[in-house]
Q: 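Before I ask anything, let me first share the structure, which is written out below as structure tokens.
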Number of protein chains: 4
Amino acid sequence: MFAEAVVPPPSRPAQRAAREAAILGAALRIFAERGYGGARIEDIADAAGIGKGTLYVYFSSKRALLEGVVRAAADPGLAAIESIATQAEGEPAAVVRVIVERAKRALRNEITPVFAKVLVAEGGRAPEVSAVYRKEVMEPLLGVIADVIGRGIERGVFRPIDPNLAARLLLAPAMAAAISLEVFGVGDAGFEPDSLLDTHADLFLAGLQSV
Amino acid sequence: MFAEAVVPPPSRPAQRAAREAAILGAALRIFAERGYGGARIEDIADAAGIGKGTLYVYFSSKRALLEGVVRAAADPGLAAIESIATQAEGEPAAVVRVIVERAKRALRNEITPVFAKVLVAEGGRAPEVSAVYRKEVMEPLLGVIADVIGRGIERGVFRPIDPNLAARLLLAPAMAAAISLEVFGVGDAGFEPDSLLDTHADLFLAGLQSV
Amino acid sequence: MFAEAVVPPPSRPAQRAAREAAILGAALRIFAERGYGGARIEDIADAAGIGKGTLYVYFSSKRALLEGVVRAAADPGLAAIESIATQAEGEPAAVVRVIVERAKRALRNEITPVFAKVLVAEGGRAPEVSAVYRKEVMEPLLGVIADVIGRGIERGVFRPIDPNLAARLLLAPAMAAAISLEVFGVGDAGFEPDSLLDTHADLFLAGLQSV
Amino acid sequence: MFAEAVVPPPSRPAQRAAREAAILGAALRIFAERGYGGARIEDIADAAGIGKGTLYVYFSSKRALLEGVVRAAADPGLAAIESIATQAEGEPAAVVRVIVERAKRALRNEITPVFAKVLVAEGGRAPEVSAVYRKEVMEPLLGVIADVIGRGIERGVFRPIDPNLAARLLLAPAMAAAISLEVFGVGDAGFEPDSLLDTHADLFLAGLQSV
DNA sequence: GATGAATGAGGGTTCATTCAT
DNA sequence: AATGAATGAACCCTCATTCAT
């Protein structure tokens with residue numbers, strides 16, 4: 001008899017969460033495009049489809065918004081950590097390849113390089129925030145990777161080197177690639193991320209497994 | 001009759017060059033500290049020991065100053081390229097170690113990570129400039145490195161892989177280290193750059209030289 | 001079957017009046033503390049124990065709220081006038097003392113100086129409102145006082161002066177005291193209101209009764 | 001041969017002082033008209049004939065501007081004090097009349113009521129500032145007046161009352177008049193300031209000199 | 001050439017008011 | 001009726017740039 005609302009209005013808490021996500025997404029994009037200083041709150045609000053004042057209902061200041069962006073980006077990082085940890089019992093070389101696959105996937109996700117750039121550009125300006133990222137994402141991630149490599153060394157399948165440094169060396173090409181893609185543009189960077197990381201996996205494992 | 005200036009004033013062109021260098025140094029420092037958006041022309045002028053208006057005698061706008069900073073940083077990069085090129089005829093493995101040594105030196109120089117950060121943070125804002133850096137520094141540098149590795153492959157001492165990708169993989173840990181040091185702070189980054197790069201050289205060559 | 005509300009809800013009109021009074025009280029306090037411009041509707045609503053939107057059910061705008069505050073303060077003033085008028089037949093000197101006693105009481109009431117301050121600070125912004133106060137409170141009040149003094153002059157017990165000016169001179173110390181207390185704070189104003197007004201009554205009557 | 005500049009440009013320090021005075025004058029006027037909260041920096045700058053940014057060269061914030069206004073208004077007050085002090089040796093009753101004459105003059109000056117209103121309206125918001133005014137102007141002024149009255153009491157020409165309260169009572173009508181003129185407007189206040197203060201002087205002295 | 005006072009466009013933030021729930 | 005999330009106009013303040021000295 002009566003027309004159903006085609007899209008039922010989301011419940012209040014759902015609406016709130018959806019808007020917060022929309023704001024964070026818009027903010028990440030615009031911070032990356034124009035830098036923190038160059039980003040205008042009004043543009044972020046427009047991109048999120050809300051009024052300028054509404055943004056302040058969700059984030060008390062531009063700075064708090066930056067913090068929110070960084071914190072939100074920590075979640076996929078944590079997911080990666082758990083995903084690696086669950087496989088940590090496997091063959092170390094295979095786990096290393098899994099890690100590289102995850103890095104390839106992350107690079108394909110447009111968020112990663114964008115976030116990397118924001119973190120680099122603004123990390124110094126928001127030390128608590130970058131410290132949170134370091135402690136909650138980078139260090140646990142490096143930790144589980146170091147564990148995997150350490151086990152490979154114990155088992156005698158990897159050459160004996162400092163597992164902490166090895167963990168960093170495993171991630172370094174992904175970090176460098178993310179940055180290069182952002183700074184020079186995907187088209188101009190001059191390499192294909194998947195090939196780079198595949199080659200890296202081969203070379204890294206070859207080195208690690210050589211006498 | 002008239003007192004001579006005890007320190008004879010530098011000749012005009014010399015003074016001009018000295019001031020320009022002072023401004024560029026101050027600008028690099030302050031761009032790195034506060035970002036392009038957060039840097040104030042007046043602070044840069046103060047740090048360079050000149051008046052705000054005087055800065056405009058040397059650089060026509062804030063943007064031109066950023067371009068100047070990026071261009072000035074190209075010089076040491078070019079020097080590195082030449083230095084590598086002159087050794088390019090040597091034993092490829094030895095040249096790889098020389099390259100890593102240069103990277104270690106660059107990381108010890110406080111300018112490098114600072115410049116890396118500025119390039120990352122502001123590169124998007126000045127695309128012609130970052131393109132210049134890419135074309136005049138990064139690509140030639142990667143080119144000479146690829147040549148060295150390519151010769152190693154030809155000689156049969158390195159495993160056959162894409163020399164361009166290998167060149168990027170050789171530099172990646174230095175790039176990642178520079179970024180980490182800037183973002184998280186030397187004290188908090190959690191690794192020692194020299195050890196990281198030494199380990200990298202070992203592992204990279206081991207991989208490259210393994211079957 | 002259903003629990004009765006332990007405290008029966010007040011009748012609708014009574015609730016309305018009570019809320020209006022609560023809002024006006026909160027508004028007077030906050031206007032005095034922070035000025036009209038500095039007062040936030042939300043803070044007034046909070047102080048009145050209602051939601052921000054609810055305030056607009058009772059007052060259509062911030063400006064209407066200011067008018068309401070001034071109008072509400074007219075009532076005690078009118079009460080004072082009537083109280084004086086009923087005594088107006090008495091001995092003029094005694095009535096003058098009664099008036100001063102009422103002024104002392106008003107100063108002891110924390111509302112008076114607060115209202116005085118709001119009227120001074122915001123009167124210009126709401127000229128119709130301050131005009132209402134002048135016409136409905138100040139002028140009738142000065143009128144009955146002038147009548148009392150006029151009668152004293154007619155009876156030959158007061159020296160012949162303009163009764164209108166005398167009425168203003170009788171109230172001036174109370175006005176000045178209210179303002180000083182508000183501006184400098186009760187602790188720092190440097191005088192005790194009761195003593196000031198007692199001394200004033202003595203001096204004023206001594207002058208009025210001298211040849 | 002060449003046209004002389006008709007108005008020679010003022011020297012730098014003179015220009016600076018002139019602009020500061022222009023800003024303070026404009027600010028006093030506009031603070032009085034619209035209140036501190038209602039006053040817009042841009043309007044004050046316009047009224048002072050300068051750009052909005054220029055105002056910030058002279059005063060670091062809106063609040064500092066308010067402080068400047070109050071401080072500037074202290075000067076004529078201090079002048080009044082000195083003028084009274086130099087006459088303090090005279091016949092006390094004559095000095096009292098001199099004080100009332102000065103008050104009449106002050107009321108004729110349009111600045112006084114305007115400033116009084118600003119002080120009342122914003123004093124609470126800028127306690128340091130109103131405290132400065134109280135300590136540097138009001139208290140010294142009341143002090144010299146109390147001295148004069150105290151000497152009259154010692155000489156037996158004034159009735160023995162608390163000289164501090166008497167000093168306040170002497171000034172109260174001027175304060176009340178200033179406020180009334182500002183709040184209700186000169187036309188609507190309903191009295192003529194000079195007559196009010198003349199009558200006050202008569203009545204006050206009559207009271208003070210009566211047994 | 002060197003300087004810094006002057007400028008005004010621009011942007012972060014606040015808050016009175018509205019309106020869907 | 002009551003609420004508070006949403007809104008955008010308005011305002012303080014900053015800072016790149018200009019220009020008179």
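Proteins get letters first, then strands, A, B, ... in listed order; numbering begins at 1 in each.
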Q: D:Tyr133 and D:Arg71: side-chain contact (heavy atoms from CB on, under 4.5 Å), yes or no, with the steps?
A: CA-CA 7 Å; D:Tyr133 191 75; D:Arg71 250 181 261 283; over 6 Å; no

Q: For the CD atom of C:Glu67 and the OG atom of C:Ser60, what is their distance to the nearest 0.5 Å?
A: 8.5 Å

Q: Nearest whole Å is fine: how far is F:dT7 C1' from A:Ile50 CD1?
A: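 Those two atoms, CD1 and C1', are 10 Å apart.
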
Q: Relative to the 5' end of DNA chain E, which residue comes earlier, A:Arg40 or C:Arg40, by the nucleotide with the nearest heavy atom?
A: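 With A:Arg40 and C:Arg40 compared, the 5'-side residue is A:Arg40.
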
Q: Side chain of B:Val57: nearest nucleotide among E:dG1, E:dA5, E:dT17?
A: E:dG1

Q: Determine the contact category for B:Gly51: base if any of its heavy atoms lies under 4.0 Å from a base atom, sugar-phosphate if only primed atoms, P, OP1 or OP2 are that close, otherwise nothing.
A: sugar-phosphate

Q: Atom CD of A:Glu20 to atom P of F:dA5: distance rounded to whole Å?
A: 13 Å

Q: Can you measure B:Leu66 atom CG to F:dA16 atom C1' for me and round it to whole angstrom units?
A: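 Value for this atom pair: 15 Å.
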
Q: Of the non-hydrogen atoms in A:Arg16 and A:Val57, which two are nearest, and what is the gap between them?
A: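 Answer, listing the atom of A:Arg16 first, then A:Val57: NH2-O, 3.9 Å.
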
Q: Over all heavy atoms of both residues, which pair between B:Asp43 and B:Arg34 is shortest? Give the atoms and the distance, please.
A: OD2-NH2, 2.9 Å

Q: Do D:Glu33 and D:Arg29 sit within salt-bridge range, that is, some charged N less than 4.0 Å from a carboxylate O?
A: no

Q: Could you tell me which non-hydrogen atom of C:Ile44 sits nearest to which non-hydrogen atom of C:Ala39, and how far apart they are?
A: CD1-CB, 4.3 Å

Q: Check whether any side-chain nitrogen or oxygen of C:Gln15 sits under 4.0 Å from OP1 or OP2 of F:dA2, and answer yes or no.
A: yes

Q: I need the CZ-C1' distance between B:Arg34 and F:dC15, as an integer number of Å.
A: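 Nearest whole value for this atom pair: 13 Å.
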
Q: OP1 or OP2 of F:dT3 versus the side-chain N and O atoms of C:Thr54: is any pair under 4.0 Å?
A: yes

Q: Look at the side-chain N and O atoms of C:Arg63 and state whether any lies under 4.0 Å from the OP1 or OP2 oxygen of E:dA16.
A: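 No, no such contact exists.
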
Q: Looking at every strand, decide which applies to B:Ala39 at a 4.0 Å heavy-atom threshold: base, sugar-phosphate, or nothing.
A: sugar-phosphate

Q: Using Watson-Crick pairs (N1 to N3, plus N6-O4 or O6-N4) and G-U wobble pairs, both distances under 3.5 Å, which stems of at least 3 pairs involve DNA chain E?
A: E:2-21 with F:2-21

Q: Quick one: label B:Ala45 by what it contacts on the DNA or RNA (base, sugar-phosphate, nothing), any heavy atom closer than 4.0 Å.
A: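 Nothing: the residue B:Ala45, judged by heavy atoms under 4.0 Å, touches no strand.
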
Q: Return the set of residues passing salt bridge (charged side-chain N to carboxylate O under 4.0 Å, His left out) with D:Glu42 (not counting sequence neighbours), or none when no residue passes.
A: D:Arg40

Q: Got a salt bridge between C:Lys52 and C:Asp46, using NZ or NE/NH1/NH2 to carboxylate O under 4.0 Å?
A: no

Q: Does a distance-only test, which skips hydrogens and angles, find a donor-acceptor pair under 3.5 Å between the side chain of A:Lys52 and the base of E:dG11?
A: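 Result: no qualifying N/O pair found.
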
Q: Just call it for B:Phe59: base, sugar-phosphate, or nothing, with non-hydrogen atoms closer than 4.0 Å on any strand.
A: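 Nothing, no heavy atom under 4.0 Å.
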
Q: What is the distance, rounded to the nearest whole Å, between atom CG of C:Leu55 and atom P of E:dC15?
A: 16 Å

Q: Rounding to an integer number of Å, can you tell me how far B:Ile41 CD1 sits from E:dT3 C1'?
A: 15 Å

Q: Mind calculating the distance between CG (D:Asp43) and P (F:dA10) to the nearest angstrom?
A: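 For the pair D:Asp43 CG and F:dA10 P, the rounded distance is 13 Å.
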
Q: Under 4.0 Å between a side-chain N/O of B:Arg19 and OP1 or OP2 of E:dG1, yes or no?
A: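 No, outside the criterion.
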
Q: When the nearest nucleotide of DNA chain F is assigned to D:Glu42 and to B:Gly38 on a heavy-atom basis, which residue is associated with the more 5' position?
A: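 Closer to the 5' end of DNA chain F: D:Glu42.
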
Q: Taking atom P of E:dC15 as reference, at what distance in whole Å does atom NZ of C:Lys62 sit?
A: 8 Å

Q: At under 4.0 Å, does any side-chain N or O of A:Tyr56 touch on OP1 or OP2 of F:dG8?
A: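 Checking F:dG8 against A:Tyr56, no side-chain N or O comes under 4.0 Å of OP1 or OP2.
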
